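None of these values were measured; they are calculated from a predicted model. Numbers here simply count residues along the sequence, with the first being 1.
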Amino acid sequence: MLLTTKFLRPTSDHRAVRRDRLSTMLEPHSPKRLNLVIAPAGFGKTTLVAQWCASTPSPTAWLSLDDHDDERRRFWQYVIGAFEYSGLAGLEECRKKLSQDSHDAATGAITGLLNVLSADQSPWNLVLDDFHLVQDEQILRDFAYFIDYLPPEITVTLASRTEPPLPLARWRVRRWIEDIHPGLLAFSEDECRRFFHDTMGINLPDAEVRSICRRTEGWVAAMQLTALSGGGQISDVRKGSHLASESQAQLDIDERHISDYVLAEVLEQQSAEVANFLLDTACCPRLCASLCDAIRGQQDSQQRLEQLLSQNLFLIPLDNHDQWFRYHDLFRDALLQRIRHSDPDRALTLWQKTVKWLLDHGQVQEGITQIVNQQDWDWLATVLAEHGNNLIHGGYHLPVLDWIESLPEHLVQDSPQLQMLRIWGLFFANRLDALAPLLASVEDLLDRRVADSHPDAEGALGLQSEISLIRSYLARTRSDDKSASDLTRQVLKDIDHTQIPLKSVTYYGLGLDYHGEGLLADAEDALQSAVRYGQVERKPSTVLSSGGLLAWIQYNRGDVDLALETCMEIRRWVDKHYSDPSQPRLISCWQNSALTEIYRERNEPQLAATHLAPLLEHVNRGTEPGQHVIIQYVRGHLAFSEGRLQDAIEVLEDAVLTGRKRRDHIVFEPPASSALLARCYLATGHPEKAEACLGSPDDRQFTNPLNREQNLISIARVLVAKKCPEKAQQILEDLLPLAERNAHNRHLVEILLVYGEALDLQGRHREATEMLNRAVLKASEAGFMRLFAEESPRLRHLIQELSVLKTPGRWNQALLEMLKQQASVMADTTGPTSVAPPQTPPGNQLQEPLSHREMEVLALIHEGHANKEIATKMDVAPATVKAHIRNLYGKLGVGRRTEALAKARDLGLLNP
């Protein structure tokens with residue numbers, strides 16, 4: 001039962017000042033997704049938003065949050081309930097999802113809500129009042145996901161006393177946020193006049209109103225200062241009206257600066273103890289009692305903070321527990337200016353103590369930011385040498401690279417630790433071409449230190465293991481598996497004699513090697529060690545990558561449920577220990593790809609798409625080529641499963657091309673995209689294209705046995721399609737015992753299926769049935785399902801006729817139901833979210849049809865959009881748009897836009 005009064009929008013007081021200039025800012029516009037109305041209590045946030053909602057014609061869902069809503073299921077029940085109360089239909093399935101007792105219940109409900117909003121196509125507004133009451137990290141992560149994937153016509157408005165810990169910086173860069181902070185809530189002179197006259201019932205002369213407004217510049221914080229300095233009485237303002245002319249030139253709200261005169265008036269009204277506390281703690285970007293006690297050498301900071309809060313002395317709470325605060329920026333800037341001018345030595349000492357406390361209490365990034373702002377390069381070099389490795393392996397390699405680049409070069413050149421950090425940063429940024437000379441440089445420096453008996457010679461020797469580890473990964477990019485294996489094992493031998501936490505990364509490398517050799521059991525052992533050591537070493541990115549690859553292997557081995565549990569356990573550990581809702585969620589290509597494959601295979605495409613979505617952003621922005629291939633592979637596989645064959649062909653062609661061109665930059669052999677691409681060609685009736693992209697059965701283009709098996713299975717499928725079942729059988733006979741021996745169970749099921757079809761084509765129906773029964777039994781044990789629907793129509797029909805599937809059982813029933821639905825799905829090759837290529841007149845067909853993406857680009861060109869606008873509308877990179885246009889021109893046989901549009905009209909691709 002939901003409390004419906006929480007869905008009622010407050011009624012506006014007719015006496016309240018109308019804030020038309022702010023209401024205009026709240027109006028929806030592209031690409032905005034979020035209104036942030038952030039201010040302390042009493043700033044009129046709710047009144048403003050309620051006024052705007054009353055005047056907007058768009059449907060609005062309102063939710064007033066309370067203390068009980070800081071629970072994941074309850075929060076999303078109320079959000080969905082707010083939409084339902086306001087008239088949005090089709091949310092029954094979302095409510096059902098939330099009623100399920102599973103980890104993915106909320107995720108599925110959120111995805112369902114987004115889909116319903118997208119299908120509704122109405123310009124909904126969602127208002128969440130008192131959002132500062134939401135503190136649960138999982139809710140905040142969910143909400144960030146919700147905003148990331150909002151349909152373009154939806155606008156969310158948050159009214160909050162504090163800025164929520166969401167990825168606001170990223171959203172602001174994308175122009176998704178409209179900020180209304182206390183500065184914008186400042187009254188104009190006319191609003192000030194109406195406030196006193198209409199709302200407060202105080203008749204002040206225009207000169208008095210003008211003087212007050214000029215003195216405070218309509219800013220609530222400045223009004224507070226005026227009240228504090230003048231006793232808060234209007235009579236005092238009148239008596240002190242001469243101060244307005246004195247302070248007017250000094251008040252500069254636009255530059256967030258309050259005059260020393262006004263600040264002095266505030267400080268002089270306080271006791272010496274309070275004034276000293278304000279000045280001593282101004283150097284803290286955020287405040288808590290422990291930090292304030294440490295820098296002041298006192299034990300009364302909690303009482304002081306509560307006193308400031310009760311007196312409204314510009315202290316803004318950052319939580320609901322009165323533990324963390326910050327000063328209003330205007331106030332803090334003025335305090336800093338005062339203490340730096342009056343006592344610069346003490347100001348420096350207090351700042352140093354603040355940074356040391358931040359570093360000692362795990363707030364390394366904030367401490368480094370303070371050091372960089374102060375340009376204390378020697379201290380920055382020391383801090384990076386101590387903490388940089390953990391930051392890099394925690395996913396912050398790009399900031400570390402930026403910090404290293406800000407250092408004077410001589411500090412980096414004299415420090416092997418900093419040079420090694422630069423190498424690791426470049427490695428994780430996939431700038432591998434720059435590593436060889438840098439490795440040689442750091443090795444020379446280490447050799448000199450050892451030869452000269454440098455005081456840090458022992459530490460220098462420890463870095464040799466890091467160098468060997470980097471070289472092992474570089475050897476993998478050259479497909480030099482022996483060197484990679486030898487170097488990795490050498491690191492494992494030496495690692496216990498060093499102080500550098502490298503075991504997790506080393507075991508991850510071993511896992512890659514074993515996986516590349518098809519030794520799945522050994523790979524699992526190594527990756528489980530990588531996860532275990534990564535948790536001990538506090539390396540969340542290594543834990544995610546290792547756990548993701550482990551789940552990928554478990555999935556291919558046929559332990560689908562175990563693979564899903566592995567992903568869930570890893571995610572829970574990372575979210576528990578390294579959760580910062582203000583930062584983008586740390587994700588792993590391997591893990592999200594494994595989850596996409598798992599849910600796709602379990603015939604839950606909506607959840608598969610949910611885990612794929614964060615990866616697509618990396619593809620559009622540019623990512624490491626190996627990851628690019630993996631993401632495009634699982635993206636293509638999902639499209640193939642859903643019958644969106646042109647989409648699948650497009651992304652898989654890109655994966656094949658990237659894998660071929662960037663092979664020297666990939667530290668492992670990614671999945672065989674060409675094998676999946678061949679299946680797409682077969683499904684579209686182009687066996688000659690399928691055959692062309694596979695090579696011969698003797699081709700050794702793949703070193704990974706899994707990929708080689710996948711390629712050979714696709715070759716067998718092509719031979720079956722070409723009515724050459726005997727040749728297909730020869731290939732499959734050799735593959736079958738290898739797949740069984742190595743526990744490649746997913747491939748084993750596929751081999752049995754294609755083998756069964758080959759036998760049936762030869763008229764050996766009894767043997768075919770036995771083979772297909774084996775495939776069904778193995779798949780039911782493993783939890784595979786979707787792979788049956790991806791086979792040829794003929795094979796799907798044979799499977800449906802199997803008597804073994806007529807026996808009772810949930811899996812049997814689900815499989816048969818899925819196969820019955822598959823014919824219509826596969827016929828609709830464009831899928832529900834794609835643009836179907838139009839029919840062209842007979843005799844005037846293109847040699848190669850346009851993909852749905854190319855059709856989308858063509859339509860946007862027809863509307864007159866420039867490339868950059870097309871990229872924005874399609875939510876892709878400009879380079880991707882250029883590639884689509886280049887392909888479009890090639891298929892149409894034209895060289896420019898006007899020719900393309902003319903040719904498209906002739907072919908009937910565009911409306912006249």
- Message: Applying ring-ring contact (aromatic ring centres under 6.0 Å, His included), can you list everything that pairs with His68, at least two apart in sequence or on another chain?
- Response: none
- ring-ring contact (aromatic ring centres under 6.0 Å, His included) against Phe7, all qualifying residues, sequence neighbours excluded: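 Testing Phe7 for ring-ring contact (aromatic ring centres under 6.0 Å, His included), a comparison that skips the adjacent residues, returns Tyr78, Tyr85.
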- Task: For the residue pair Phe131 and Phe143, categorise the inter-ring angle as parallel (less than 30°), tilted (30 to 60°) or perpendicular (more than 60°).
- Result: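 Geometry flag for Phe143 against Phe131: tilted rings.
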Quick one about [Y] and [X] (side-chain donor to acceptor, distance below 3.5 Å, no hydrogens or angles considered), yes or no?
X: Glu306; Y: Gln302; answer: yes
X: Gln298; Y: Arg304; answer: no
X: Asp293; Y: Ser301; answer: yes

- Item | Chi angles and distances behind the side chain to side chain donor-acceptor pair (under 3.5 Å) call for Arg141, Gln138 | CA-CA 5 Å; Arg141 283 193 294 272; Gln138 185 61 57; 2.9 Å; yes
- Item | Rounded distance (nearest 0.5 Å) linking atom CG of Leu48 with atom CG of Leu26 |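 Answer rounded to 0.5 Å: 5.0 Å.
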- Between CG of Asp70 and CG of Asp136, what distance do you get to the nearest 0.5 Å?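 Those atoms lie 5.5 Å apart.
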- Message: Going by side chain to side chain donor-acceptor pair (under 3.5 Å), name the residues that satisfy it together with Asp378, two or more places apart in sequence or in a different chain.
- Response: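 Residues passing side chain to side chain donor-acceptor pair (under 3.5 Å) with Asp378: none at all.
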- Item | Contacts of Glu27 that satisfy side chain to side chain donor-acceptor pair (under 3.5 Å) - sequence neighbours left out | Trp52
- Got a sec, which residues hit salt bridge (charged side-chain N to carboxylate O under 4.0 Å, His left out) with Asp280, two or more places apart in sequence or on another chain?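 Partners of Asp280 under the salt bridge (charged side-chain N to carboxylate O under 4.0 Å, His left out) test: Arg346.
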- Message: For Arg175, give me all partners under salt bridge (charged side-chain N to carboxylate O under 4.0 Å, His left out), at least two apart in sequence or on another chain.
- Response: none
- Over-ring placement of Arg33 relative to Trp176, 6.0 Å and 45° cut-offs: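 Relative to the ring axis of Trp176, which defines the angle, Arg33 lies inside both limits.
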- Query: Is it true that Trp379 and Trp403 have ring centroids separated by less than 6.0 Å?
  - Reply: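 No, the ring centres sit 6.0 Å or more apart.
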- Flag if over 12 foreign heavy atoms under 6.0 Å of NE2, His29: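 Correct, the count exceeds 12.
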